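Only this structure's heavy atoms are used, side chains among them; waters, hydrogens and symmetry mates stay out. Because the structure is a prediction, the values reported are computed rather than measured.
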Amino acid sequence: MNPTPPLEAQDRPARLTVGVVGAGRVGPALAAALKLAGHRPVAVSGVSDASVRRAAELLPDVPLVTPAEVLARADLVLLTVPDDALADLVTGLAETGAVRPGQLLVHTSGRYGTAVLDPATRAGGLPLALHPAMTFTGTSVDVQRLAGCSFGVTAPEELRMAAEALVIEMGGEPEWIAESARPLYHAALAIGANHLVTLVAQSMELLADAGVRAPDRMLGPLLGAALDNALRSGDAALTGPVARGDAGTVAAHVAELRRHSPQSVAGYLAMARTTADRALAHGLLKPELAEDLLGVLADAGNGPGTAARPAPGPAAHGTGPAAPDTPGSPESQDRPDGRDHDPDTPDHGPDTPDHGPDTPDHGPEGGDR
C-alpha cells in the first residue's frame, strides 16, 4: 500500500473543537488522535465507571458533561454509541435543538452510512460516517494502532475532502463505501475479525485440553503464516484435511470434539462445509474425494445433539459458487443510558464475547465506539 501523501495546508481542516458522545473504546481514542493533529477536545459524555476511566486516561482534563452540552461546546462531534442506539440519539439531539448549523457530526458505526444522521442534517449539521476497521482496547495503544488503519468512509460529495482530511490526520487511510454497501461492508469485517477471535480462542482451549502448555505460542507462528497466506493468495492458501478430502481425519476430528468439546461440533461442521465448498469451487478438492467427505459431514451433522442439516447445495458439488458466509454483529460502545455495552471485548465476539467493560475489543470492525 502506498503511503498517503501529507496534506497541503489548504487541504487541512481548520483546527476544531472536538466533543465525544459515548466514551466507549473508540470515541476517546479518535479524539486523542485528533488532538495529536492539532484539534482540541473540549467535552465528553459518559456516565459509567469504565467511561470515566477511559476519558481520564485518553482525554485528561476534558470535562464530562451531558450529550447536549457536548454539542454546545464542539465544532466536531463524535457520536460513538452502539449501533442500535445511534438513530434514537440523533433524533433526540435534533428534536431538542442541540444540533447547530455547520457542526460536523461524525458517527463510527460500520453498519450505517450518513442517512442515519438525516435528522441532524435537516437541522443544519454536516454528516460524516467514519468507521475505523480496527480492534480497540480502550487504552492509549489504540491511538498508535490507527497509523495505517483503513476507515470505511461515507460522506456527501461536498464533504468528501473534509472526511478524507480527518481520517488522514488520525493516521488512517480512507476507503470510500457507498451508503447502500455499508451493511455488507460491516458484515465482511465481522466475519473476518469477530469470528477469527472465536476460532482462535476455541483452538487454544482445545490445545490446552490436549495437554499443550503454551497454546498461544504454538498457534502464533501457524496462524500468522495462515493469515499472511490467505491475504496474499485467498482460497489458494487452503490446506488441511477438508481441502485434501481426507474424510477419515475429519470423522476422527468430529468424534474427538463430541467427546471433549461438544459445543465446538456445530462450528467445526459449519466451517468444514464452507471450506469444502470453496475448495471445490477453486479446484483444490477433487470431486471424487468430496463425496466421502460431504457424507461424513452430513452424517456428523445429524449426530447426537445436532439438528438435521440440509444436503449440500450446488457449490458443494463443484457446480456453483461457494455459499455466502453468515454476517456477524457490530461493535461495542458506551450506551447513552450509562451502561457499558462492550460487545467488542474479547469475546463477546469482539465484537467478540464480552468479558467485561475493560477487556480488549476485537471488533472490526471498529470495535466499541
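Annotation: the span from L285 atom CG to L280 atom CG amounts to 4.0 Å, rounded to 0.5 Å. The distance from atom OG of S150 to atom NE2 of H131, rounded to the nearest 0.5 Å, is 11.5 Å. Atoms CZ and OG, on R145 and S140 in that order, are 10.5 Å from each other to the nearest 0.5 Å. Atom-to-atom distance recorded for S203:OG and L219:CG is 4.0 Å, nearest 0.5 angstrom. Annotation: the span from L117 atom CG to R122 atom CZ amounts to 11.0 Å, rounded to 0.5 Å. For the atom pair CG of D75 and CG of L104, the computed distance is 8.0 Å after rounding to the nearest 0.5 Å.
For the pair Q202 (side chain) and S264 (backbone), a donor-acceptor distance under 3.5 Å is absent. When atom types are taken as modelled, the side chain of R54 and the backbone of G24 share a donor-acceptor pair closer than 3.5 angstrom. Using modelled atom types, one side-chain atom of R258 and one backbone atom of A300 make a donor-acceptor pair closer than 3.5 Å. Side-chain atoms of D142 never come within 3.5 Å of backbone atoms of F136 as a donor-acceptor pair (strictly under, hydrogens ignored). Judged purely by atom type and a 3.5 angstrom limit, T66 uses its side chain to pair as donor or acceptor with the backbone of E69. No donor-acceptor distance shorter than 3.5 angstrom exists from the side chain of Q144 to the backbone of V141, with no hydrogens or angles considered. Not one N or O on the side chain of D292 forms a donor-acceptor pair closer than 3.5 Å with the backbone of L289.
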*Before giving the answer on salt bridge (Lys or Arg N to Asp or Glu O under 4.0 Å), spell out for E256 and R259 the whole-Å C-alpha distance, their side-chain angles and the decisive distance to 0.1 Å.*
CA-CA 5 Å; E256 285 300 296; R259 186 176 299 115; 2.2 Å; yes

*asked:* Checking M170 against F151 for the side-chain contact (heavy atoms from CB on, under 4.5 Å) test, could you report, in this order, the C-alpha distance in whole Å, the side-chain angles of both residues, the deciding distance, and whether it holds?
replied: CA-CA 10 Å; M170 287 186 281; F151 279 65; 3.9 Å; yes

*Could you walk me through whether T114 and E179 pass the side-chain contact (heavy atoms from CB on, under 4.5 Å) check?*
CA-CA 7 Å; T114 56; E179 180 83 24; 3.3 Å; yes

*asked:* Test side chain to side chain donor-acceptor pair (under 3.5 Å) on R182 and T154; report intermediate values, then the result.
replied: CA-CA 9 Å; R182 294 290 292 206; T154 304; 2.9 Å; yes

*What's the verdict on side-chain contact (heavy atoms from CB on, under 4.5 Å) for E164 and V153, showing C-alpha distance, side-chain angles and the deciding distance?*
CA-CA 8 Å; E164 184 175 55; V153 180; over 6 Å; no

_Assess the residue pair L206 and L257 against the criterion (side-chain contact (heavy atoms from CB on, under 4.5 Å)); give the C-alpha distance rounded to whole Å, side-chain angles, the decisive distance to 0.1 Å, and a yes or no._
CA-CA 9 Å; L206 294 171; L257 291 175; 3.7 Å; yes

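Residues L196 and G192 come closest through the heavy atom pair CB-O, 3.0 Å. The shortest heavy-atom contact between V65 and A43 is CG2-CB, 3.8 Å. Closest approach of P127 to P156, counting heavy atoms only: O-CD, 3.3 Å. Contact detail for L58 and P28: the closest heavy-atom pair is CD1-CB, 3.7 Å. Closest approach of W176 and A155 over heavy atoms only: CZ3-CB, 4.2 Å. The shortest non-hydrogen separation linking S109 to L86 is CB-CD2, 4.2 Å.
Side-chain contact between Q263 and S261 is present, with heavy atoms from C-beta onward closer than 4.5 Å. You'll find the side chain of T80 stays beyond 4.5 Å of the side chain of H107, heavy atoms only. Between H39 and L166 the shortest side-chain heavy-atom distance falls below 4.5 Å. The closest side-chain heavy-atom distance from V21 to L78 is not below 4.5 Å. Contact of the L293 side chain with the D246 side chain is not registered, since no non-hydrogen atoms from C-beta on lie closer than 4.5 Å.
In the hydrophobic clustering of this structure, V52 groups with L59; members are Ile, Leu, Val, Met, Phe, Trp, Tyr whose side-chain heavy atoms approach within less than 4.5 Å, directly or through other members. Grouping the Ile, Leu, Val, Met, Phe, Trp and Tyr side chains by contacts below 4.5 angstrom, directly or via other members, places V42 apart from L93. Connection of L34 to L159 is established within a shared hydrophobic cluster, with ILVMFWY side chains joined at heavy-atom distances below 4.5 Å, either directly or through further cluster members. In terms of hydrophobic clustering, with Ile, Leu, Val, Met, Phe, Trp and Tyr side chains grouped at heavy-atom distances under 4.5 Å, L222 and L207 are assigned to a common cluster. Residues M218 and V197 fall into different hydrophobic clusters, defined by Ile, Leu, Val, Met, Phe, Trp and Tyr side chains chained together at heavy-atom separations under 4.5 Å.
Heavy-atom contacts from other residues, nucleotides or ligands closer than 6.0 Å to CD of E57 number more than 12. In this structure, R40 places its CZ atom where only 12 or fewer heavy-atom neighbours from other residues, nucleotides or ligands lie under 6.0 Å away.
Taking a cutoff of 4.0 Å between a charged side-chain nitrogen and a carboxylate oxygen, E169 and R15 qualify as a salt bridge.
Side chain to side chain, R73 and T17 fail the donor-acceptor criterion of an N or O pair below 3.5 Å.
Under the side-chain contact (heavy atoms from CB on, under 4.5 Å) test applied with L76, the options L128, L126, V20, L16 reduce to a single match, L16.
Remark: R232 engages D228 in a salt bridge (Lys or Arg N to Asp or Glu O under 4.0 Å) (not counting sequence neighbours). With sequence neighbours excluded, the residues satisfying ring pair (Phe, Tyr, Trp, His ring centres under 6.0 Å) with Y268 are H253.
You'll find the ring centres of Y112 and H186 outside the 6.0 Å limit.
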